[in-house]
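Have a look at the structure below, then the notes.
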There are 2 protein chains.
Amino acid sequence: MTTSSYAVLALLDLRAWTGYELTNQAQRSLRYAWPKSERLLYSEPKKLVARGYATTHKEQTGNRTSNVYEITEAGREALAAWTRTRTHAPRIEVEALLRLLFADHGSIEDLQRVLDELEADIGEQHDSVVELMASYFDSGHPFPDRTHLSVLFATFQIETLQSILRWIEFARSEIDQWPTTKDLGMTERTEALTRLLGEGQFDLNRAQPADD
Amino acid sequence: MTTSSYAVLALLDLRAWTGYELTNQAQRSLRYAWPKSERLLYSEPKKLVARGYATTHKEQTGNRTSNVYEITEAGREALAAWTRTRTHAPRIEVEALLRLLFADHGSIEDLQRVLDELEADIGEQHDSVVELMASYFDSGHPFPDRTHLSVLFATFQIETLQSILRWIEFARSEIDQWPTTKDLGMTERTEALTRLLGEGQFDLNRAQPADD
DNA sequence: CCGCTATTACTGCAACTTGCAGTAGCACTA
DNA sequence: TAGTGCTACTGCAAGTTGCAGTAATAGCGG
């Protein structure tokens, strides 16, 4: 049982879903905590059935069938046991940062473009969370009893996404001071930042460029 | 060619490495931007050789051999072409948030433990970045000309990690107001947060609990 | 009422990735 | 001299992704 299996099992604990509904629900609500492919989300419930944590039956809509999955008592027990295990550390993949680390291969403009793309991607995520919250406010939550959890979750998203957007502005203001991406090394500014960081004193809001 | 292939190719552009050195370097310096397994990092340079982007030869240390990889001109061209492609959107996996979303399966104490574990994991990453910066300040960067890039990268890490630590404190103060994890639904507090979030006005620092 | 597009509802498969076990030499030390 | 830890990898099963493919239904314009 992987974490993804438990994620699907937790959804099944809310109600019975078809495979199709499950993929949609997981892509909508879990996307920013546990992003998994549609393909996997179709496979997971089958594994749950094989382990006895769910049952399945087919339902007809005219000539087309869908697979409905329901959690079993053994499934609920497995879920309770999962709750008591150690969580895994977060895993964060940001290709834009990889490009930054190797930005001396390219030009200042290349690096600025990378920041623009990161801003676009993060801004999109940010807006979609804001939209979701607006819809909760207007039309309520699909599982009203669980609103408090979704909303606290959303505060995490908004806080970290905004923090990334703030960093992008900071990075732009730093890069604007660079004559080139290459061979800068330990400038006065970099030395000052390194000292702040090494002393645990770095704070974006207090670290605006010395020479603006 | 995957992004991981280009990450390894970019390392090879800095200098020649043995497979062993490559895994260590990638785990150390790329871990927080592009976390990849040791196993993969041993395989990638072989694929680069197969594509003509790197060459390899064996070196002896007594009775033991190691594989040394070097970038080719074709490799440098591939790297330059990569620089011009669109970056992928960040991908963030946080199991602790998955637990939060389904916290109504367990107790308040379970949820508090999850936050403690997240704090420990994030705190560890934070401290290791601070340590790395302290070492740059004291003994310099392994590639001095590239210090400015590593340091700007580190400001991202510190800013976002601190922002997560701030959120953990916020989440704790919210959860302390909950009598239970279940069936809270749309309380006054949750409604107020939902409104702020839906209007794009949420700010952790201004959102301290109304009734402390 | 017919063709078109969008949505519903999946499956197969190759390629990518991880975690773990296993192999083996070398360096240091109790 | 046995044990521990580091160097330096490889094999393999299982997890995961992206893409292509299949097929039925619903709604709409003409």
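First the proteins, then the strands, lettered A, B, ... as listed; each starts at 1.
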(Q) Which nucleotide wins on minimum distance to the side chain of A/Y20, given the candidates D/dA24, C/dT8, D/dC9? (A) C/dT8
**Q.** Salt bridge flag under 4.0 Å for residues A/R113 and A/E117
**A.** yes
Q) Which residue lies toward the 5' end of DNA chain D, B/V68 or A/L40, if each is placed at its nearest nucleotide? A) B/V68
Q. Hey, does B/T23 reach any base, or is it just sugar-phosphate, or nothing, if we go heavy atoms under 4.0 Å?
A. nothing
Q: Nearest whole angstrom, please: distance from the P of C/dC10 to the OH of A/Y69.
A: 7 Å
Q) Which part of the nucleic acid, if any, lies within reach of B/K58 when heavy atoms closer than 4.0 Å are counted: base, sugar-phosphate only, or nothing? A) nothing
Q | Rounded distance (Å) that lies between atom P of C/dT8 and atom CD of A/E21 | A | 10 Å
Q) With respect to the phosphate group of C/dT17, does any side-chain polar atom (N or O) of B/T2 fall under 4.0 Å of OP1 or OP2? A) yes
(Q) Heavy atoms only, 4.0 Å cut-off, all strands: where does B/T65 land among base, sugar-phosphate and nothing? (A) sugar-phosphate
Q: Check the distance between C/dT23's P and B/N63's CG and give it to me in whole angstrom.
A: 18 Å
Q: State which of D/dG18, C/dA9, C/dT18 makes the closest approach to the side chain of A/R91.
A: C/dT18
Q: Select base, sugar-phosphate, or nothing to describe what B/P35 touches, counting heavy atoms under 4.0 Å on all strands.
A: sugar-phosphate
(Q) Does the Lys NZ or Arg CZ of B/R84 fall within the cation-pi geometry relative to B/W82 - under 6.0 Å from the ring centre and within 45° of the axis? (A) no
Q. Is the shortest distance from a Lys or Arg side-chain nitrogen in B/E73 or B/R76 to a carboxylate oxygen in the other one below 4.0 Å?
A. yes
Q.
Can you see if the side chain of A/K46 gets near the phosphate of C/dT11 - specifically, an N or O under 4.0 Å from OP1 or OP2?
A. yes
Q. Is a donor-acceptor pair below 3.5 Å formed from side chain A/R64 to base C/dT8, judging by atom type as modelled?
A. yes
Q.
Any donor-acceptor pair, under 3.5 Å, between the side chain of A/R39 and the base of D/dG15, if you only look at N and O atoms?
A. no
Q | Counterpart residues, salt bridge (Lys or Arg N to Asp or Glu O under 4.0 Å), relative to B/R64 (two or more places apart) | A | none
Q.
By nearest heavy atom, map A/G62 and A/M1 onto DNA chain D; which one lands nearer the 5' end?
A. A/M1
(Q) Considering every strand and a 4.0 Å limit on heavy-atom distances, what is the contact class for B/E44: base, sugar-phosphate, or nothing? (A) sugar-phosphate
Q: Cation-pi check, A/R172 to A/W167: give yes when NZ or CZ is under 6.0 Å from the six-membered ring centre and within 45° of the ring axis, no otherwise.
A: no
Q. What integer distance in Å separates A/E38:CD from D/dG21:P?
A. 16 Å
Q: Describe the nucleic acid contact of B/S4 in one word from base, sugar-phosphate, nothing, applying a heavy-atom distance below 4.0 Å.
A: sugar-phosphate
Q. Is any side-chain N or O of A/N67 closer than 4.0 Å to OP1 or OP2 of C/dA9?
A. no
